[in-house]
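Take a look at the structure below.
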Amino acid sequence: MRALLDGVAAACVVVDGDDRPIWANRVALDMAGDTPIGTNRFLLAVAAAEEVRTARGSHEVRGTVRLPTDVGLIEREVVATALEGDAVLVSFAGATGRPGEDHGDELRARLEAMLEHTADMITVLDRDGTIRFSNAAAGRVTGLAGAEVNGRAAFDLIHPDDLPRVAEFYGSVLDHTGPAEPIEFRLRFADGSWHDVEATVNNLLGREGIDGLVVSMHDITERKAGEQRVESLLANITDIIVLLNREFEVTFATSSIARVIDAPPETNIGMSAFNDIHPDDLENTVTALTQVRDAELGSAVTVEVRLEAVPGSERWRWLEATAVNLLDDPTINGIVVTLRDVTERREAADQLRAAYEREKANAERLAELDRLKDDFLATVSHELRTPLASVVGFSELLRRSDIEEPVRSELLLRLVTSATEMRSMVDNLLDYSALEAGRIGLATSTVDLLTAAREAIDGLSHQLAAHDVELDGDGAVAVADPIGVGHIVRNLLTNAAKYSPAGTSIRVRVSSDDGHAALAVEDQGAGIHPGDIDRIFERFYRAPSASFAARGTGIGLNIARRYAELMGGTLMVVSTPGNGSTFTLRLPARG
Ligand code: ADP
């Protein structure tokens, strides 16, 4: 009989009295697959059919059995016939059975076609959420392949936190036939891990052959992780990223914007990109952004702008802004502006520039000083040689016995004048080097300025001979070093004589006012050019016109002012070109 049954086109299975499949013909084995008869889920399902048990009490029972296959449950019409003992012969039509009436095959054909075209996980659910079918992809990830998942509630696989949302969604899906909007939730996979999936549900309840909800899902765990990575990346970068629309309104800003704008990041949304920009940088910014907006996709521009932390705060930060036109990029749809705070960098650069300028000015000053020193040495040698030549010349003449009076007296006078001139020059040089070396020791006592002026005028009678010298004033008494005062006054008087024409007057006035004793020397010379006023007190400096006017070394006034300051006083000049100069020495007065 078995040989006979092997030959029929219908699938035949023999079940023993303990409901175990013990034999199957070729057709049934083809349908059942590889596993041994005793463990084959297909044959076990046949053996477990109600019809098998019922057939044992009667002769033959017909019925419909749902049988597990690789593509889910299929329905088969079966005929169970009682054999000897408790064995039962079950036979049913395979793919060769009556096609029009076999809904199982139809479903299988549809599902197989569907599976062929998708790598998505596909599950068919009953109205109550029971899994009726899972394709291979769904089976692989959930570990519940094919028909094994049948009878399990799909909601068991959904993360408890997502369940209420998904249940609500499922309710709304049941209300409408056809596809619904995709939904995301977490699904438990075979290894127990949770995966983010995006599911599309197509309500085909009542549709002949399927009558279920076709759920197609794909794993978006990677994508989600990627999105989260990007989000946390954006939240943690030091740069600021701002997205602008075509009208330059902010549509997105990373939270890092709080580093420059003193307000919650979201308050920037909808605002103009030009808000808070320094007025001086506005035009530049508008031009740059307009240019980049009107240029082609991917064009970029970089500007440096100042942004105010809080309107009216005057706290400006320098930002380097790079704008890229991605308006026509469908994933961005905007102008992407990357802002980097460069305030510190700019300040450091400014400081560096200022330090460089200072150094440069210093170097220039030193070079100038060097040049002046060279000039000074040349001048000193020259200036000393002239009176020295006179001294030598007059002395030679005087040695001759034929020189008679009054020529003799005149020569002697000239010799003394030249020697005095040399002495004052040498004195100045010695004072200068003593001052430079800090070796000037001042002996402070009271100095009557009127007396000091008179003595100086008397001592310089020869140099002042060509001028009309006037002295007036009250008894101003200074607390100072008498030698220092004499030095200053002589210097001022010599200069007044040197730099004003013969025949003009030199006026010396002594006065006292609130705690000071003053001595002013006023001449009617050419005066001092405003550009030279401060410089004449510098060492070695001589006004360009001075060399034509008189001999000199350019250190007299420098020494005089330093003496004045060492004594707690000042030496100032007021001069109008063409109208003479007035040098005023002010010293602390006796209390
Ligand atoms: P020197 O007279 O040896 O050149 P000083 O230090 O005494 O050096 O004076 C510096 C410069 O100041 C002079 O070269 C001259 O240009 C200017 N100066 C000084 N006194 C007068 C003055 N009374 N009138 C005009 N220029 C003056």
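Each ligand, and each atom within it, is numbered from 1 in the order the structure gives.
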Checklist entry - Considering only protein heavy atoms, which is closest to atom 12 (O) of ligand 1, and at what distance to one decimal place? => result I536 CG2, 3.2 Å
Checklist entry - Of the listed options (Y541, Y499, F537, F540), which comes nearest to atom 27 (C) of ligand 1 when hydrogens are ignored and any heavy atom counts? => result Y499
Checklist entry - Between I528 and ligand 1, which part of the residue brings a heavy atom under 4.0 Å of the ligand: side chain, backbone, both or neither? => result side chain
Checklist entry - Which residue, E344, E308, E347, forms the salt bridge (charged side-chain N to carboxylate O under 4.0 Å, His left out) with R317? => result E344
Checklist outcome for this item: atom 7 (O) of ligand 1 has as its nearest protein heavy atom N495 ND2, 2.9 Å
Checklist entry - At under 4.0 Å between heavy atoms, which part of D523 makes contact with ligand 1: side chain, backbone, both or neither? => result side chain
Checklist entry - Using 4.0 Å as the upper bound for N to carboxylate O, is an ion pair formed by R165 and D162? => result yes
Checklist entry - Can you tell which part of A543 has a heavy atom less than 4.0 Å from ligand 1: side chain, backbone, both or neither? => result both
Next on the checklist: Between R365 and E538, does any side-chain N to carboxylate O distance fall below 4.0 Å?
Outcome noted: no
Checklist entry - Any luck finding a side-chain donor-acceptor pair between D532 and Y541 under 3.5 Å? => result yes
Checklist entry - Is the backbone of P501 close enough, under 3.5 Å, to the side chain of H467 for a donor and an acceptor to pair up by distance? => result yes
Item to check | Any donor-acceptor N or O pair under 3.5 Å, side chains R358, N362 | outcome: no
Item to check | Aromatic ring pairing H487/Y563, orientation class (parallel under 30°, perpendicular over 60°, tilted between) | outcome: tilted
Checklist entry - Looking at ligand 1, does any of its N/O atoms fall within less than 3.5 Å of an N/O of L557? => result yes
Next on the checklist: Among all the protein's non-hydrogen atoms, which is closest to atom 4 (O) of ligand 1, and how far away is it?
Outcome noted: R542 NE, 2.4 Å
Checklist outcome for this item: Closest to atom 3 (O) of ligand 1 among protein heavy atoms sits T553 N, 2.8 Å
Checklist outcome for this item: Min over G552, G554, S575, A546 of heavy-atom distance to atom 14 (O) of ligand 1 lands on A546
Checklist entry - Between R586 and D513, is there a side-chain N and carboxylate O pair less than 4.0 Å apart? => result yes
Next on the checklist: Under 4.0 Å from a heavy atom of K498: which atoms of ligand 1 are those, numbered in the order shown and with their elements?
Outcome noted: 1 (P), 2 (O), 3 (O)
